[in-house]
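Here is the structure we will look at.
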Amino acid sequence: MSKLLKASIAALLLSSLTLPVFAEGLGLGRVASDDEIAAWDIDVRPDGMGLPQGSGTVTEGEEVFAERCAVCHGDFGEGVDRWPVLSGGQDSLTDDRPVKTIGSYWPYLSTVYDYINRAMPFGESQSLTPDEIYGITAYLLYMNDIVTDEEFELSKQNFASVRMPNEDNFFFDPRPDTPIFNADDPCMSDCKSEVTVTSRARILDVTPDAEESGSGSID
Amino acid sequence: MSDQKNRQNAGKDLPQDGSGSDSIKGTSRRSFLRAGAASSLAMGAGLLTGQKVVAAGAGDPAILELQDWNQYLGEGVDARPYGTPSPFEEQVVRRNVPWLTADPVSSVNFTPLHDLDGIITPNGLCFERHHAGIAEVDPSQHRLMIHGMVDKPLVFTMEDLKRFPRENHAYFLECAANSGMEWRGAQLNGCQFTHGMVHNVMYTGVRLSHLLAEAGVKPKGSWLLAEGADSSTMTRSIPMEKALEDCLVAFAMNGEALRPEQGYPVRLVVPGWEGNMWVKWLRRLEIGDAPWQHREETSKYTDLMADGRARRFTWVMDAKSVITNPSPQAPLMHDKGQTVLTGLAWSGRGTIARVDVSLDGGKNWHTARLDGPSLDKSLHRFYFDFNWDGQPLLLQSRAIDSTGYVQPTKSALRSVRGENSIYHNNGIQTWHVKAPGEVENVEVT
C-alpha cells in the first residue's frame, strides 16, 4: 500500500471517529429556543460560567439554612443522624476515618452552588432563589472557616475569587497503578507457601431485617 | 482474535488441569462406567458409580404420588398478561443494606448474583442506585436537549430519538462503589452485597455521536455534561472522545422499554465506565470546553489515597471477577462429589481472556471454562467443574482481560491506595467453604 493511501485511510478512519457521521444531518429534532435553553441550563462551572445575578451574606444564609436545611444537616452543617456532614473534617484526610466535607475536601466552590441549586433541599429541589443560594453558600464557607466575617457577602462578581483549601490535592487517574496489574504471566502453582485466614465477614447475616450494622459507605 | 484462542485453550486445558485434574479424571471414569452400566448391568449400577440406591417400598413420593399439576388444569393465557417468576423463586430479589445510607430514597440495592446464571441480568433484578428516588417520567412529556458549543441547539422527543439508526449491545454497568464496603477487610456475607452493584443487559439505542452530529459540535467542544430529569438533576462531565467512541442513548433493555428504576424512558450508556456516568432519565446534553467539576465528580467518585490526595476522573472499571456459587448465600448443599463452581468476570477495557480459579486460597490456580458469548465490556460467565472431597476450601477467582491486565489481590490494591478510597475495589474475593458446605466471606494471607 502506498504511503499516501495509508495516510488517507488513516485520516478517513480518524475523521469517521471524530466528525459527524451524517454530514448532512438526518433532519431529526427541532431547534431549541432561547427560553427553553435558559430554563434548563442551570449548571455552574469553576470559572463562574453559569452563575446567575445575585448575592447573599453569611447571616442571610444562616437564616435560610436553619429553615430549609438544618433538619437534616444540623444547624452548623454537622449532620443529624446519618444525613451528610457539610462542615468540619479539616486536616482529617490522612486519618484512619477521614471526614470529607465542603471545607475539608471539595476542590471548587462552584460545586456547592451548583449542587444546592440542582438537588437541595432533598425532596424539594430547585425551590431556592439565587440570593438564597448565594447566602447559604456564604454560610457554608463561614461554617468551614474559609471566611471568618459574618458580614461577608458572596455574589456573582466575587464568586470566582474564592479558593477552596483542598483544590490542589486532586490529580488525574493514574490507573493501572501497580506493576502486578500488568504481569502477563500470573503464577499458577505453589504461588505461596502458606495460606491463613486474616479476616472474616464482620456481618454474618445481611438480610433485609438483620439487626447488625457495619461501617463504610457507598459514596 | 487472541481472546478467542485463549478461550479455546481454556476449554482444552480443563480436563488435565490442576487439582481439578484428579476430580476431572474421576468424572470421566465415572461417566464411562455409567455408560457401561446402562448397557450391561441393569441392577447394582448405583453401587459402582457412587449413586444412592433406594430400598424397595421406599420410593420417592415425588414420583409415586400424583401431584396437583399432574392432574388439574392450570391458569389460562389471560391470567398473566405480563409474566412473573414462579412463586418458588420468590427469594430471588434485590436487597438493600439499610445501614449504608440515611434514606432508602437516595440509596442502593443489590443484584442477587448468586441466584442467576448466564450473562444477562433480568430487568427486574438489575441493582438500583438513585439519588432522589425513582422518577416516574411520562414519555410524552420527556425531551432531550443538546446545546452549548454546537451549531444548532436541538430538542428531541422520544419519537425523534427512535428515528435514528438503532444498535444493540450488551454491556455491564458497575457502580464504582461496588465492593466499596470491603476495603478494610471482609465485611458482608454474600456476593449479592459484596459484588451486586453490577448488571448486564442488552441495550437498544442510538449512538450519541449521531445525535451530536445532528447538532454539530463546534471544534472547541471537548466535554459534554449529561443531566437527568429526576429531582437530583444528576450530572456528570464526559470527555468528548468517549462520547463519540461508543456511548449510546438507550431506550430499551433486554428487548423491552427501560424500567423506571433504570431511567425510563431514556438513559445514557457509557460502556466500561463507572455506573454513575450512565445518567438516567437523560434530558440534557451540554457541550463545553472544560469539565464542570460537579458534585458527583468531586465530593463523590474521587478516590482518596492514603497521603490525603485524591484521584479524579477515575472512569474506567478495571477487570474483576467473583465466584457466585458457591458463596455465602449459596452454600454447597450436597455431600462431597461432583459440583459446579461458577462466577462472573468483566472488564471495562475489553473482553475477558481468561479466568483462573483457586480452591486453596491462591496457592494453586486452575483455568476455568468460559461459556457463552464473550462480548466487549460485558459480563462473562465461567465454570469450574470439579469433584469436591467434602473438605474446607478457600475459593478465589482471578480475571485476565484482553489487554493483559490481571485482577489484583486486595492487599496489592491496599498497598497502593490505602483503605479509604471507597471506589474501584476490584480485588480478588475469597470465600471460605467449611466442611458442612457453609460459606463465609474471608480474607487470606
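In what follows, every chain begins at residue 1, and chains take the letters A, B, ... in the order their sequences are listed.
A:Thr196 places none of its side-chain heavy atoms less than 4.5 Å from the side chain of B:Val444. Counting only heavy atoms from C-beta outward, the side chains of A:Leu26 and B:Glu214 approach each other to under 4.5 Å. Looking at A:Val195 and B:Leu394, their side chains come closer than 4.5 Å, going by heavy atoms from C-beta outward. Side-chain contact between A:Arg175 and B:His424 is present, with at least one heavy-atom pair separated by less than 4.5 Å. Two residues are said to be in side-chain contact when any heavy atoms from C-beta on lie closer than 4.5 Å; B:Leu304 and A:Pro98 meet this criterion.
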- Message: Is there a salt bridge (Lys or Arg N to Asp or Glu O under 4.0 Å) between B:Glu227 and A:Arg118? Walk through the geometry before answering.
- Response: CA-CA 10 Å; B:Glu227 182 181 85; A:Arg118 70 176 56 251; 2.9 Å; yes
- Task: For B:Thr302 and A:Tyr105, run side chain to side chain donor-acceptor pair (under 3.5 Å): C-alpha distance rounded to whole Å, both residues' side-chain angles, the deciding distance at 0.1 Å, then the answer.
- Result: CA-CA 10 Å; B:Thr302 49; A:Tyr105 193 63; 2.6 Å; yes
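With a 4.5 Å cut-off on non-hydrogen atoms, A:Asp190 touches chain B through its backbone and its side chain both. Residue A:Val44 touches chain B through its backbone alone, counting heavy-atom pairs closer than 4.5 Å. For A:Ile102, no part sits under 4.5 Å from any heavy atom of chain B, backbone or side chain. Residue A:Phe172 touches chain B through both its backbone and its side chain, counting heavy-atom pairs closer than 4.5 Å. Looking at A:Asp96, both its backbone and its side chain come within 4.5 Å of chain B, counting heavy atoms on both sides.
Taking both residues in full, the closest heavy atoms of B:Thr445 and A:Lys192 are given as O-NZ, 2.7 Å, listed atom of the first, atom of the second, then distance. Residues B:Leu188 and A:Ala201 approach most closely at C-CB, 4.4 Å, considering heavy atoms.
In summary, the side chains of B:Ser299 and A:Trp106 do present a donor paired with an acceptor at a separation below 3.5 Å, with no hydrogens or angles considered.
Without hydrogens or angle criteria, A:Ser125 side chain to B:Ser231 main chain gives a donor-acceptor distance under 3.5 Å.
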